Amino acid sequence: KGSTWGYGEENGPSLWHKDYPVAQGSRQSPIDIVPSEASFDPRLAPIQLSYDQCTSINISNNGHSVVVEFDDSDDRSVIHGGALPNPYRLRQFHFHWGEKGCHGSEHTVAGKAFVSELHLVHWNAEKYKTFGQAAQEPDGLSVLGIFLETGDDHRWLHKITDALYMVKFKGSVSDFKGFNPKCLLPSSLHFWTYPGSLTTPPLHESVIWIVLKEPIVVSEKQMGKFRMLVFNGEEEDLRSRMENNFRSPQPLKGRKVLASFK
Ligand SMILES: CCc1cc2c(cc1OS(N)(=O)=O)CC[C@@H]1[C@@H]2CC[C@]2(C)[C@@H](O)CC[C@@H]12
Ligand SMILES: [Zn+2]
């Protein structure tokens with residue numbers, strides 16, 4: 001049934017515009033980042049992630065991805081720098097990935113896709129009262145995108161992949177305390193930044209995107225654990241493996257991509 005959006009033939013990204021016309025808007029995400037066309041902006045402040053007191057709460061399967069949520073009742077965990085006007089509060093992170101051996105990132109770099117993409121989601125709590133409200137404002141959200149490529153095991157990712165069996169089905173939630181996503185950062189914080197949108201419905205054009213140039217390395221075995229998740233609820237008889245939960249690059253429509261590095 002087409003009523004709820006998804007990533008399948010009947011309800012996937014090419015059909016989202018029918019229920020969400022902004023899908024064809026002027027600042028949609030993701031995009032293909034072309035490094036040679038990005039302009040170095042020396043005024044961009046370095047990205048700073050103050051996550052030391054961050055408080056993860058739970059891990060859940062929302063039927064589209066696996067999400068780790070944080071206590072965002074104060075300014076303990078914030079991102080600042082880049083083109084952000086003020087610090088933005090960490091709310092959650094989630095992933096997008098493909099099927100075995102294939103690509104699954106949302107952003108691409110000069111046409112190259114990665115196996116997966118991590119999104120660290122932050123909101124402008126200085127200006128807006130709630131996350132839901134911020135998500136509808138042009139400067140409401142900032143998402144830090146980190147590419148994943150395959151190689152050796154990631155030494156900390158197992159903390160997440162070991163918890164995935166507890167959230168196999170849509171609607172499942174499990175405690176997930178004491179996880180600091182700083183352990184998922186690459187060594188360089190060089191980034192590209194541009195104005196964009198949510199990459200899933202309702203596709204609000206409310207995200208200042210910050211995409212790191214350097215990917216982190218995870219093993220194919222670790223990626224395989226994401227693919228044991230399913231899109232469906234436990235009670236549904238149709239089992240569909242959670243994979244290919246990514247939107248493809250959208251038209252730039254005159255937007256400028258800025259680079260923090262030469
Ligand atoms: C930026 C991360 C994010 C936030 C949201 C979605 C999707 C998101 O992932 S993504 N890939 O970063 O764009 C889809 C559901 C959205 C939510 C933002 C807040 C809402 C718009 C709620 O108010 C109602 C539906 C929610
Ligand atoms: Zn995302």
Side-chain angles (χ1 to χ4, degrees), residues 3-7 11-13 15-17 19-23 25 27-33 56-70 72 77-79 82 84 88-98 103-108 113-125 127-148 160 170-171 173 181 184 191-212 215-216 223 226 229 231 242-250:
S3 59
T4 48
W5 65 272
Y7 293 95
N11 61 4
L15 302 169
W16 290 350
H17 68 93
D19 287 339
Y20 305 94
V22 74
R27 58 173 277 190
Q28 288 292 294
S29 293
I31 59 167
D32 178 40
I33 295 168
S56 62
I57 299 170
N58 61 35
I59 187 167
S60 63
N61 176 335
N62 65 10
H64 309 299
S65 181
V66 57
V67 187
V68 172
E69 290 183 311
F70 290 82
D72 60 354
S77 329
V78 295
I79 184 173
L84 299 177
Y88 283 46
R89 217 176 263 182
L90 177 65
R91 168 83 178 202
Q92 53 112 304
F93 68 78
H94 63 272
F95 296 81
H96 302 264
W97 62 91
H103 300 127
S105 66
E106 299 213 295
H107 291 89
T108 54
F114 294 81
V115 291
S116 175
E117 187 172 329
L118 162 60
H119 288 162
L120 288 150
V121 177
H122 310 78
W123 62 287
N124 191 343
K127 196 168 172 187
Y128 305 109
K129 278 180 56 175
T130 65
F131 175 65
Q133 191 206 338
Q136 308 192 50
E137 304 292 342
D139 58 352
L141 303 181
S142 181
V143 182
L144 181 65
I146 302 176
F147 294 119
L148 279 66
I160 294 172
K170 173 180 175 181
V173 189
L184 298 177
F191 63 90
W192 294 286
T193 185
Y194 77 96
S197 72
L198 304 183
T199 65
T200 72
L203 299 168
H204 292 326
E205 297 188 327
S206 58
V207 182
I208 296 170
W209 279 94
I210 300 170
V211 180
L212 296 188
I216 59 170
M223 279 317 305
F226 283 88
L229 298 168
F231 284 120
M242 188 178 275
E243 56 191 13
N244 299 321
N245 56 350
F246 64 92
R247 190 192 194 190
S248 298
Q250 301 301 307

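Everything numeric in this text was worked out from a predicted model, so none of it was measured. Note that ligands are numbered from 1 as they come in the structure, with each ligand's atoms numbered from 1 the same way. Numbers here simply count residues along the sequence, with the first being 1.
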Can you confirm whether [X] sits close enough to [Y] that some side-chain heavy atom of one is under 4.5 Å from a side-chain heavy atom of the other?
{"X": "P30", "Y": "T108", "result": "no"}
{"X": "H122", "Y": "F70", "result": "no"}
{"X": "T199", "Y": "H96", "result": "yes"}

*CD1-OH distance between I210 and Y88, expressed to the nearest 0.5 angstrom*: 9.0 Å
*Roughly how far, to the nearest 0.5 Å, is CD1 of I160 from CZ of F95?*
4.0 Å
*Kindly tell me which protein residues have any non-hydrogen atom under 4.0 angstrom away from an atom of ligand 1, grouped by chain and ordered by number?*
H94, H96, E106, H119, V121, F131, G132, A135, L141, V143, L198, T199, T200, P201, P202, H204
_For M242, is there any backbone N or O sitting under 3.5 Å from a side-chain donor or acceptor partner on W97?_
yes
*Single hit among Y194, W192, F114 for ring-ring contact (aromatic ring centres under 6.0 Å, His included) with H107*: Y194
*Sort by chain and number the protein N/O/S atoms that are closer than 2.8 Å to the Zn ion (ligand 2), and list them.*
H94 NE2, H96 NE2, H119 ND1
*Is the shortest distance from a Lys or Arg side-chain nitrogen in D72 or R91 to a carboxylate oxygen in the other one below 4.0 Å?*
yes
*With P181 as reference, evaluate L118, I146, L120 under the side chain to side chain contact (heavy atoms under 4.5 Å, CB included) test and give the passing residue.*
L120
